Amino acid sequence: MQKQQANITDKIIAEISELLANEKSYQHVLSSMCTPPKDIIRTIAGLFAEINLGDPGLFPKAVEMEQDVLAELASLLNAPQGWVGTITSGGSESNLLGCWAARHWARKKKKIQKGTILLPLSAHVSFEKARDILDVKAKWIGLDEHFQMDITRVQEAITKDTFGIVGIAGTTGTGVCDNIKALSDLAEDHELFLHVDAAHGGTIFPFLSELGLSAPSFAFENPGVKSIGVDTHKMMGGLIPGGSIIFREKTYTEAIAKNISYLSDSSTQQLTVTGTRPGNSVIASWVLLKKLGREYMLERVRSCMENTAYFVHQLEQLEEIKLPFQPTINIIGFRCTSIANEELAMNLRKKGWALSIYDQWLRIVVMPHVSKETIDLFVADLKKSIQGER
Ligand code: 0PR
């Protein structure tokens, strides 16, 4: 009977493997902020699949593990005593929660019902969703020559209708960190809620100075910052879905926090949009942050930064290739002087590469799966594409 069961399992897995055979393995993926998990994380995904953090009373130890993970993240973000947070489904949910908190705070504190939030043009699309869901107004601010939200333009855009600012620590397109200190000063001066989207950069910037690289100040050491989102399913290598949001103090979660009277522990509050939440993702983050710890993250960031420098060096050898910015983290942009971006991208896609097309450049994210060998293979194909080989 057991043998029969094993045979059925093997058969189904073989069938799925065949179905997905043509899905991209990460080998040629240069467009993703996700990366294949370590074996221990894969094992955890299966072993703890039934743990649901949406019903904390059933899984009190897992709830403690969530708090442990949040405490590790809060410490990376220099969160002051009194912070509160939650694990989310990723950057989009964290951004929605940050904007939701800001809207509520503005209604209460500033009596602004339907105000405006200022965002950099580099903001992730999740903020457009947040604007629509929350029914607020958004004003997009242009970038300066460093691809940062232009501080002068932010200053000029602030009116009595403005209730919040969003700064990005590691933009999706360039990896640049906005000038959070200047945004924080403006937020303090004009009494605005500043949310920082550190979905990608939040697990990179805290390690750069130890690696001898320049590290911007992006977190709670800036007093205007009221909430920060950091993903666990990006650079950290946690399970999908996994993100987080940390608030400076509990008051900012007033609108979001919900007690659910019929749950097995009705004293705990949900701070998320989602109800049922995957415990295995939180346990995976717990292993990465508590068991593998700082050494693991440092090594991960170090090797991605080293490979980014190697990648940049290889690209700079090609006369037709121009880099619109020098990478500050593991995100590279490039364009070709002789071929339009779309055509070049299509050409490379035909050769099996996945990379992202932006208005003025093609984007590569140098995640842990992007090895030097992969970079060499890609650069060889890029050379062929430039030389006109289809
Ligand atoms: N904030 C920033 C700065 C982001 O870059 C992203 C996603 C988000 C928020 C939203 O995060 P979630 O996707 O977790 O909700 N950035 C990547 C992007 O849009 C997400 C991604 C990941 C896309 C893997 C493709 C892919 O293969 O480019």
Side-chain angles (χ1 to χ4, degrees), residues 23-37 73 77 86-100 117 119-133 138 140 143 147-149 166-178 180 183 195-205 216 218-219 227-246 272-274 277-278 281-282 284-285 304 327-333 345 349 352-359 361-370:
E23 301 299 290
K24 287 241 170 288
S25 82
Y26 274 82
Q27 218 180 347
H28 290 97
V29 174
L30 306 178
S31 57
S32 179
M33 286 179 178
C34 297
T35 197
L73 294 170
L77 302 175
T86 186
I87 294 295
T88 65
S89 59
S92 301
E93 187 182 0
S94 303
N95 288 337
L96 174 59
L97 292 171
C99 294
W100 185 4
I117 191 157
L119 310 148
L121 271 174
S122 53
H124 186 257
V125 64
S126 48
F127 288 103
E128 261 178 72
K129 299 181 190 176
R131 172 203 59 185
D132 293 351
I133 294 167
W140 275 269
L143 308 182
F147 295 89
Q148 288 175 312
M149 191 179 195
V166 168
I168 317 289
T171 68
T172 314
T174 65
V176 161
C177 183
D178 283 325
I180 303 299
L183 294 177
H195 170 74
V196 174
D197 174 1
H200 183 59
T203 47
I204 300 178
F205 292 122
F218 72 99
S227 58
I228 307 182
V230 177
D231 281 0
T232 54
H233 62 200
K234 292 191 165 76
M235 266 306 280
M236 236 178 80
L239 283 173
I240 302 169
S244 70
I245 185 164
I246 309 271
T272 42
V273 176
T274 54
R277 288 189 299 135
S281 169
V282 172
S285 297
C304 287
T328 45
I329 54 169
N330 59 340
I331 296 185
I332 300 174
R349 280 177 185 174
W353 297 100
L355 71 174
S356 316
I357 309 177
Y358 273 73
D359 277 354
W361 58 84
L362 302 181
R363 183 202 66 168
I364 286 171
V365 191
V366 187
M367 294 299 286
H369 62 270
V370 181

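For ligands, and for the atoms within them, numbers begin at 1 and follow the listed sequence. Remember, it's a predicted structure, so these values are computed and weren't measured experimentally.
One option in I331, V29, I168, D197 has a heavy atom closer to atom 9 (C) of ligand 1 than any other, and that option is D197.
Polar contact with ligand 1: present for G91 (N/O pair, distance under 3.5 Å). Remark: ligand 1 and H200 share no N or O pair separated by less than 3.5 Å (distance only, no angle test). Taking only nitrogen or oxygen atoms, main chain and side chain alike, D231 reaches within less than 3.5 Å of ligand 1. Considering backbone and side-chain atoms together, S31 places no N or O closer than 3.5 Å to any N or O of ligand 1.
Among T172, D197, N95, the one residue that satisfies the side-chain hydrogen bond (donor to acceptor under 3.5 Å, both in side chains) test with S126 is N95.
The closest approach between any non-hydrogen atom of G170 and ligand 1 is below 4.0 Å. Residue R363 places a heavy atom less than 4.0 Å from ligand 1. Within the 4.0 Å heavy-atom shell around ligand 1 one does not find E93. Residue contacts with ligand 1: M33 is included, with a non-hydrogen atom under 4.0 Å away. For T171, the closest heavy-atom approach to ligand 1 does not fall below 4.0 Å.
Nearest protein heavy-atom contact of atom 24 (C) of ligand 1 is S32 OG, 3.1 Å. Looking only at protein heavy atoms, the nearest one to atom 7 (C) of ligand 1 is H124 NE2, 3.3 Å. Ranking the protein heavy atoms by distance from atom 11 (O) of ligand 1 puts K234 NZ, 3.0 Å first.
Residue N95 has at least one heavy-atom neighbour below 4.0 Å for each of these atoms of ligand 1: 1 (N), 9 (C).
Looking only at side-chain heavy atoms (C-beta outward), Y26 and V370 stay at 4.5 Å or farther from each other.
Under the rule for a ring pair (Phe, Tyr, Trp, His ring centres under 6.0 Å), F127 has no partner lying at least two apart in sequence or in another chain. In this structure H124 satisfies the ring pair (Phe, Tyr, Trp, His ring centres under 6.0 Å) test with no other residue, sequence neighbours excluded.
Here the closest heavy-atom approach between residue M367 and residue M33 is recorded as CE-O, 3.0 Å.
Only side-chain heavy atoms of A199 come within less than 4.0 Å of ligand 1; its backbone N, CA, C and O stay farther off.
Taking a distance limit of 4.0 Å, we find that atom 18 (C) of ligand 1 is approached by some protein heavy atom. When distances from atom 4 (C) of ligand 1 to the protein are checked, a heavy atom turns up under 4.0 Å.
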